[in-house]
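Report on the following structure.
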Amino acid sequence: SSFIPKEFLPLNHRPGIFYLLEELIRLQVQGRIVYVYNPYYEPFYKWVEELIVNKRIFEYNKLIKKIDSDIEFLLDKLPFSIEFIPEDGPYSDLSSIITCKEYIHNDNNYIIYADNVYINESPLKDLMEVAESESCLVGKQIDKIEDSRLYGVVKMSKNSGAKTCDVLMLKEKPSHQELQTMMNENNFIDFAFNQSRFKLTQHFIDNINLKECMYNNEPKLSVAIDNY
């Protein structure tokens with residue numbers, strides 16, 4: 001919105017970002033979390049940094065006019081450090097990764113976007129079981145074609161029920177008609193919706209060319225994956 005980034009919009013009376021933090025805590029993630037934000041929200045993130053990094057929970061309780069003991073407990077359990085950095089344009093999911101490039105020194109780089117929130121589930125767990133030299137994403141079997149305008153669509157190799165398979169194509173938010181045509185020409189089970197959870201190797205990130213990854217005048221990670 002004009003006033004608050006989507007990852008802080010309320011879900012069941014809590015900011016969505018806290019569900020992402022819970023997902024990481026359940027996996028006992030160690031190390032550093034780099035949170036990239038659009039500088040348009042700079043004043044807002046100064047407050048967020050006070051809340052999450054400096055754990056000034058009383059400021060949050062004052063804002064919502066009640067004591068949220070669950071969030072206070074969550075912040076006390078964080079097993080990792082969080083650093084907030086402003087995105088270096090052109091402000092897209094792909095440029096946010098480029099902004100983090102100086103922090104990337106190995107092949108274990110996990111990218112989470114707030115488009116999908118999982119309660120009591122940990123899709124990152126599957127990514128962490130993938131071989132270190134592989135880039136990977138989480139996909140979910142398509143149940144409603146009508147959702148195609150909300151997700152990127154992954155075409156997979158014949159999986160025969162396997163937990164992992166090769167990505168043959170990733171198309172950014174096709175129309176219902178486009179998706180239906182693709183599925184008619186192939187096998188229904190060979191398609192999945194991208195779930196905004198990625199494991200990217202250093203080789204993948206080093207080879208990103210923003211100019212070759214454009215979709216609607218915006219550099220997109222889905223196009224970079226499809227090109228790769």
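Both backbone and side-chain heavy atoms feed into the values below; hydrogens, waters and symmetry mates do not.
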Could you walk me through whether Leu137 and Leu127 pass the side-chain contact (heavy atoms from CB on, under 4.5 Å) test, one step at a time? CA-CA 7 Å; Leu137 59 83; Leu127 289 183; 5.5 Å; no

Answer yes or no: is there a side-chain heavy-atom contact under 4.5 Å between Met128 and Tyr110? yes

In terms of heavy-atom contacts, Leu168 and Asp226 come closest through O-OD1, 4.4 Å

With a 4.5 Å cut-off on side-chain heavy atoms, are Glu23 and Pro123 touching? yes

Counting N and O atoms only, with roles assigned by atom type, does the side chain of Asp166 sit under 3.5 Å from a partner on the main chain of Ser157, one being a donor and the other an acceptor? no

Report yes or no: do Arg26 and Ser122 form a side-chain donor-acceptor pair below 3.5 Å? yes

Is it the case that one hydrophobic cluster holds both Met183 and Phe193, taking links as side-chain heavy atoms less than 4.5 Å apart, direct or via other members? yes

Least distance between heavy atoms, Gly139 atom then Gln195 atom: C-CG, 4.0 Å

Is it true that Ile225 and Tyr215 fall in one hydrophobic cluster, defined by side-chain heavy atoms closer than 4.5 Å? no

Step through the shown structure and confirm whether more than 12 heavy atoms of other residues, nucleotides or ligands are within 6.0 Å of CG on Asn106. yes

When you look at CG of Asp88, are more than 12 heavy atoms from neighbouring residues, nucleotides or ligands closer to it than 6.0 Å? no

Do you reckon Tyr228 sits in the same ILVMFWY cluster as Met214, going by side-chain contacts under 4.5 Å, direct or chained? no

For residues Tyr19 and Pro15, report the shortest heavy-atom separation together with the two atoms involved. CD1-O, 4.0 Å

In one Ile/Leu/Val/Met/Phe/Trp/Tyr side-chain cluster, 4.5 Å: Phe204, Val223: no

What distance do Asn109 atom CG and Cys100 atom SG have between them, rounded to the nearest 0.5 Å? 9.5 Å

Just say parallel, tilted or perpendicular for the rings of Tyr45 and Tyr35, cut-offs at 30° and 60°. tilted

Would you give the length of the straight line joining atom CD1 of Ile142 to atom CZ of Phe191, rounded to the nearest 0.5 angstrom? 7.0 Å

Before giving the answer on side-chain contact (heavy atoms from CB on, under 4.5 Å), spell out for Leu150 and Lys173 the whole-Å C-alpha distance, their side-chain angles and the decisive distance to 0.1 Å. CA-CA 6 Å; Leu150 302 176; Lys173 298 176 182 175; over 6 Å; no

Validation row: Ile97, Leu200 side chains within 4.5 angstrom (heavy atoms): yes

Residue Lys101 excluded, over 12 heavy atoms near NZ under 6.0 Å: yes

Side-chain heavy-atom pair Pro5, Asn38 within 4.5 angstrom cut-off: no

Distance, nearest 0.5 Å, that separates CD of Glu7 from CG of Leu21: 11.0 Å

Would you please test Phe44 and Tyr37 for ring pair (Phe, Tyr, Trp, His ring centres under 6.0 Å) and show each step? CA-CA 10 Å; Phe44 178 83; Tyr37 64 88; 9.5 Å; no

Might you work through the side-chain contact (heavy atoms from CB on, under 4.5 Å) test for Asn227 and Ile208, ending with a clear yes or no? CA-CA 9 Å; Asn227 292 345; Ile208 291 174; over 6 Å; no

Look only at the side chain of Ser148 and the backbone of Leu179, and say whether a donor-acceptor pair between them is shorter than 3.5 Å. no

Are any of the side-chain heavy atoms of Tyr151 and Asn116 separated by less than 4.5 Å? yes

Any sub-3.5 Å donor-acceptor pair from Asn209's side-chain atoms to Lys211's backbone N or O? yes

Using a 4.5 Å cut-off between side-chain heavy atoms of Ile, Leu, Val, Met, Phe, Trp and Tyr, which other residues end up in the same hydrophobic cluster as Tyr118? none

Got Leu124 and Ile112 here, is their nearest side-chain heavy-atom distance under 4.5 Å? yes

Check the pair Asp190 / Lys155 against salt bridge (charged side-chain N to carboxylate O under 4.0 Å, His left out), numbers first and verdict last. CA-CA 6 Å; Asp190 294 333; Lys155 184 177 186 298; 5.6 Å; no

When you group the ILVMFWY residues by side-chain heavy-atom contacts below 4.5 Å and let the links chain together, are Ile17 and Leu27 in the same group? yes

Which atoms form the tightest heavy-atom contact between Gln202 and Asp107, and what is the distance? N-OD1, 2.9 Å

With rounding to the nearest 0.5 Å, note down the distance linking CD in Glu87 to OG in Ser96. 5.0 Å

For Val36, which fellow cluster members are found when Ile, Leu, Val, Met, Phe, Trp and Tyr are connected by side-chain heavy-atom distances below 4.5 angstrom, either directly or through intermediates? Val34, Ile85, Tyr103

Does Glu129 pair with Lys125 as a salt bridge, N-O distance under 4.0 Å? yes

Any sub-3.5 Å donor-acceptor pair from Arg197's side-chain atoms to Tyr113's backbone N or O? yes

Nearest 0.5 Å, please: how far is CD in Glu218 from OG in Ser95? 7.5 Å

How close do Pro86 and Thr99 get, counting heavy atoms only, and between which atoms? O-CG2, 3.5 Å

Looking at every heavy atom in both Leu94 and Cys213, which two are closest together, and how far apart are they? CD2-CB, 3.6 Å

Hey, is NE2 on His203 packed in by over 12 heavy atoms from elsewhere, all under 6.0 Å? no

Ion pair Lys6/Asp115, N-O distance below 4.0 Å: yes

Does the distance from a Lys or Arg side-chain N to an Asp or Glu carboxylate O, for Arg149 and Glu172, drop under 4.0 Å? no

Over 12 non-hydrogen atoms of neighbours within 6.0 angstrom of CD in Gln28: no

Under the side-chain contact (heavy atoms from CB on, under 4.5 Å) rule, what do Lys171 and Glu178 come out as? Steps first, then yes or no, please. CA-CA 10 Å; Lys171 187 170 181 60; Glu178 286 181 287; 3.2 Å; yes

Just so I know, are the side chains of Phe198 and Leu221 near enough to count as touching, which here means a heavy-atom distance under 4.5 Å? yes

Can you tell if the side chain of Met156 reaches within under 4.5 Å of the side chain of Val167, non-hydrogen atoms only? no

